[in-house]
Amino acid sequence: MQVYLEDLNEQQRAAVLHINGPLMIVAGAGSGKTKVLTTRIAHLMHQGVDPFNILALTFTNKAATEMKERIERILGNNDARNLYIGTFHSVFAKILRAEATKIGYPSNFTIYDTDDAKSIIKEIVKDLNLDDKIYKPAFVYNRISAAKNSLLNAAAYINDSVIQQEDARGNRPMIGEIYLRYENKCFKNGAMDFDDLLFKMFTILHAAPDVLAKYQHRFKYILIDEYQDTNVAQYQIIKMLGAVNENICVVGDDAQSIYSFRGATVKNILQFEKDYEDTKVIKLEQNYRSSKSILEVANTIISNNKNQIKKSLWTDNEHGEKIKVVRTLTDNDEGRFVADTITELKLRNHYDNKDFAILYRTNAQSRSFEESLRKMNIPYKLYGGVSFYQRKEIKDLLAYLRLVVNPNDEENLKRIINYPVRGIGKSSIDRMVLAANTHGITMWEVLQTPTSIGLKGAALAAAENFVVMLKSFQSMLEKENAYDIAFAVGKQTGLVAELYNDKSVEGLARYENIQALLNSIKEYTETPDEEGELHDKSLGNYLQQITLLTDVNNDDADKDAVSLMTIHAAKGLEFPCVFSVGLEENLFPSAMSLYDRADLEEERRLFYVVVTRAKSKLWISYANTRYRFGSLIQNDPSRFLDEIPEPYLDKTFTGSASKSNNSGLGIQFRADDKTPSSLKKLSEKIQQQAIPAHTPSANFTIADPSEIEVGQKVEHQKFGIGTVSAIEGASNNRIAHIDFGAGNGLKKIMLNFAKLSIVK
DNA sequence: TGATGCTAACTTTTT
DNA sequence: GTTAGCATCA
């Protein structure tokens with residue numbers, strides 16, 4: 001038996017050894033799904049399958065990189081570089097680059113990110129004299145995106161009576177028209193948005209039988225990761241590509257389907273067996289990641305969902321600790337609690353920073369954690385948020401580079417035609433746009449004959465100089481690599497100098513960002529290609545890749561730092577210690593999801609995902625109040641808290657943070673009619689714990705937590721007078737054991753949060 | 001015409 | 001609390 005087969009369990013090995021024919025692997029969280037996929041690919045190659053014939057598709061760059069690395073480790077050589085492995089978007093972009101001319105697109109098409117797309121939509125809304133309060137760019141974009149993911153073009157959208165009724169009911173009957181104009185504009189600009197990379201891929205395979213045959217023949221083996229997250233477009237493409245050989249292997253877990261907002265549909269999993277009669281189904285149900293407690297909690301949570309494929313995930317791992325539920329007064333307290341706890345655990349249990357992850361529902365929640373971690377000098381890595389490539393100065397330089405490759409791209413042309421300022425003002429630009437629209441040509445073409453639109457004097461000279469400059473960059477395309485062109489652009493446009501001369505703090509940061517971008521381009525040109533087939537370090541090839549990256553290449557990936565990210569971004573990852581934060585109604589579950597069963601179930605799957613990221617320690621926290629839109633709001637604890645079975649819960653930290661009365665910031669577990677029944681149950685539980693009999697004495701003064709010592713008599717606002725019997729924990733995160741005698745008994749109280757008065 | 005300062009809108013989640 | 005977009009001023 002091959003070495004790589006030895007540490008697989010029976011089901012895993014069966015999945016690896018199944019070579020020909022359709023295969024569906026239903027893989028629970030932590031069941032070794034990536035291991036199976038990578039071993040399977042290594043095994044195929046070991047059996048003599050040419051890596052050029054293997055296509056492996058993932059959803060994130062992170063997952064693709066990790067897969068590639070693991071395959072290389074198994075193989076012990078670099079044959080893996082010949083595999084077609086990457087995200088749906090990046091692999092299709094590469095293929096489209098070779099085939100786009102078949103549907104009238106230039107091969108050097110530009111890829112628009114979400115911001116680019118929204119600003120075009122905004123312009124169209126303006127051109128149509130529509131109210132942008134009703135036709136919000138984000139809303140229209142989502143609508144168009146959903147249509148594309150269902151393989152509906154603008155014409156089909158307009159002809160679909162159901163969609164038209166929907167839009168009419170939503171008082172937005174013009175979305176179809178906007179879509180049509182958007183579609184035309186992108187085509188004219190030689191640009192595709194993210195969804196087009198799927199849609200146009202489908203279009204080509206559908207329209208050009210020779211292309212379809214070519215890739216059907218090439219991809220003899222197809223592997224799809226996270227199949228539960230595929231949408232209609234992806235499903236159809238895979239189906240077409242795999243139709244000849246039917247060697248399709250999909251891996252998925254319906255319990256972890258969290259991308260329906262992007263058009264993903266679990267139906268694709270259920271459909272798979274119907275599409276391929278002789279599908280072999282293998283279930284991976286042994287979890288190797290988490291403790292029994294964590295897994296039990298996860299299983300219980302997910303069982304609350306009605307729609308799911310039945311499976312029973314189990315583990316041989318030890319029982320482990322209870323799940324710690326933490327209540328804090330504010331979002332800042334939540335941040336402090338997490339930072340304090342990390343500090344303490346590093347001291348006490350010798351954990352590294354990289355063993356911790358703080359996972360939240362929305363990116364906006366990262367602030368309080370960043371602050372508290374910085375204060376405690378804990379290094380952290382923030383994933384997501386505003387990406388490096390979305391910063392203005394980066395987009396400016398990239399706009400030039402894109403324009404050099406594709407001068408018809410009007411959006412990027414407009415972005416930089418007068419930046420840095422070169423005397424091409426608004427009125428000149430307006431004339432160009434007008435001329436371009438009336439003659440059905442592009443702005444770049446108008447620019448070739450600037451006198452034809454009546455430019456004269458300084459404006460004429462400026463326009464001519466701009467054209468000459470851009471053409472000089474274009475002449476470099478053939479011979480020079482991406483870095484040389486980027487450097488020349490930065491220098492000759494005056495863009496780098498402009499930032500260099502800005503000596504403000506922000507200006508300095510922008511200058512550094514531009515340098516970082518140039519360095520990363522340099523690194524790109526100096527790193528050998530992974531495909532092996534072509535050593536294409538051209539600017540065009542560079543730009544192709546860059547738009548699909550969400551982050552700067554993490555060469556500091558092994559840096560010892562706490563990870564901060566959304567739960568979505570954490571899928572597929574695991575950490576010894578996980579803080580699942582912000583478990584509050586309206587936040588998690590999100591306010592957008594409360595009125596629809598399917599949406600709420602997706603939130604619950606998200607909760608399932610976050611719980612199953614943890615190997616041994618899991619904290620779940622919520623704050624009574626937090627800042628949102630600049631003002632303080634109160635949220636009830638999340639209904640999901642009530643779905644955690646009691647025996648697995650450690651609520652030590654929930655009872656000590658509230659004030660004695662029902663005023664001010666103290667939590668008030670309302671039991672009125674508005675409160676969901678699940679919350680009532682939870683509030684009853686907690687109210688039973690707290691005995692509100694005690695009234696604080698008149699001279700009650702809150703003591704500094706560091707003054708509390710063993711043996712002292714202290715007064716608690718709620719529990720009354722007690723004696724400190726022991727203190728545990730680090731100096732900044734001490735927990736006092738206080739005996740409040742009959743009635744309240746022994747309590748563990750976190751000194752950072754509790755308000756105690758020393759009784760003299 | 002460009003920079004500065006104020007108001008409003010903003011928060012799901014990602015390629 | 002943050003940022004984008006608009007209005008106002010130099």
Compute both the distance and the angle, then confirm whether [X] meets the cation-pi test with [Y]: under 6.0 Å from the six-membered ring centre, within 45 degrees of the axis.
X       : Y       : result
R422(A) : F466(A) : no
K267(A) : Y235(A) : no
K200(A) : F109(A) : no

Checklist entry - Taking everything shown except K185(A) itself, do over 12 heavy atoms lie less than 6.0 Å from its NZ? => result yes
Considering only side-chain heavy atoms of [X], which listed nucleotide, [options], is closest?
X       : options                  : result
H89(A)  : dT14(B), dT15(B), dT2(C) : dT15(B)
V421(A) : dT15(B), dT13(B), dG2(B) : dG2(B)
E603(A) : dT2(C), dT15(B), dT12(B) : dT12(B)

State whether [X] and [Y] are salt-bridged, where the test is any N-O pair (Lys NZ or Arg NE/NH1/NH2 against Asp/Glu carboxylate O) under 4.0 Å.
X       : Y       : value
R402(A) : D116(A) : yes
R262(A) : D229(A) : no
R639(A) : E643(A) : no
D132(A) : K126(A) : no

Item to check | Any N418(A) side-chain nitrogen or oxygen under 4.0 Å from OP1 or OP2 of dT1(B) | outcome: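 So the side chain of N418(A) is outside the cut-off, no N or O lying under 4.0 Å from OP1 or OP2 of dT1(B).
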Item to check | Phosphate OP1/OP2 of dT14(B) contacted by T566(A) side-chain N/O (<4.0 Å) | outcome: yes
When we call it a touch if two heavy atoms are under 4.0 Å apart, what does [X] touch: a base, just sugar-phosphate, or nothing?
X       : result
S593(A) : nothing
F88(A)  : nothing
K571(A) : nothing

Checklist entry - dT13(B) and dA4(C): how far apart are their P atoms, nearest whole angstrom? => result 15 Å
Nearest-Å distance, [atom1] ([X]) to [atom2] ([N])?
X       : N       : atom1 : atom2 : answer
E226(A) : dT14(B) : CD    : C1'   : 13 Å
D196(A) : dT15(B) : CG    : P     : 18 Å
E123(A) : dG5(C)  : CD    : C1'   : 15 Å
K392(A) : dA3(B)  : NZ    : P     : 10 Å
Q234(A) : dT14(B) : CD    : P     : 16 Å
F59(A)  : dT14(B) : CZ    : C1'   : 11 Å
D331(A) : dG1(C)  : CG    : P     : 10 Å
D115(A) : dT14(B) : CG    : P     : 14 Å

Checklist entry - With centres under 5.5 Å and planes under 30° as the test, does F261(A) stack with dT13(B)? => result yes
Checklist entry - Looking at dT15(B), does its base get a donor-acceptor pair with the side chain of T114(A) below 3.5 Å? => result yes
Next on the checklist: Can you build the contact string for nucleotides 6-11 of chain B? Use B for base contact, S for sugar-phosphate-only contact, and - for no protein heavy atom under 4.0 Å.
Outcome noted: ---SBB
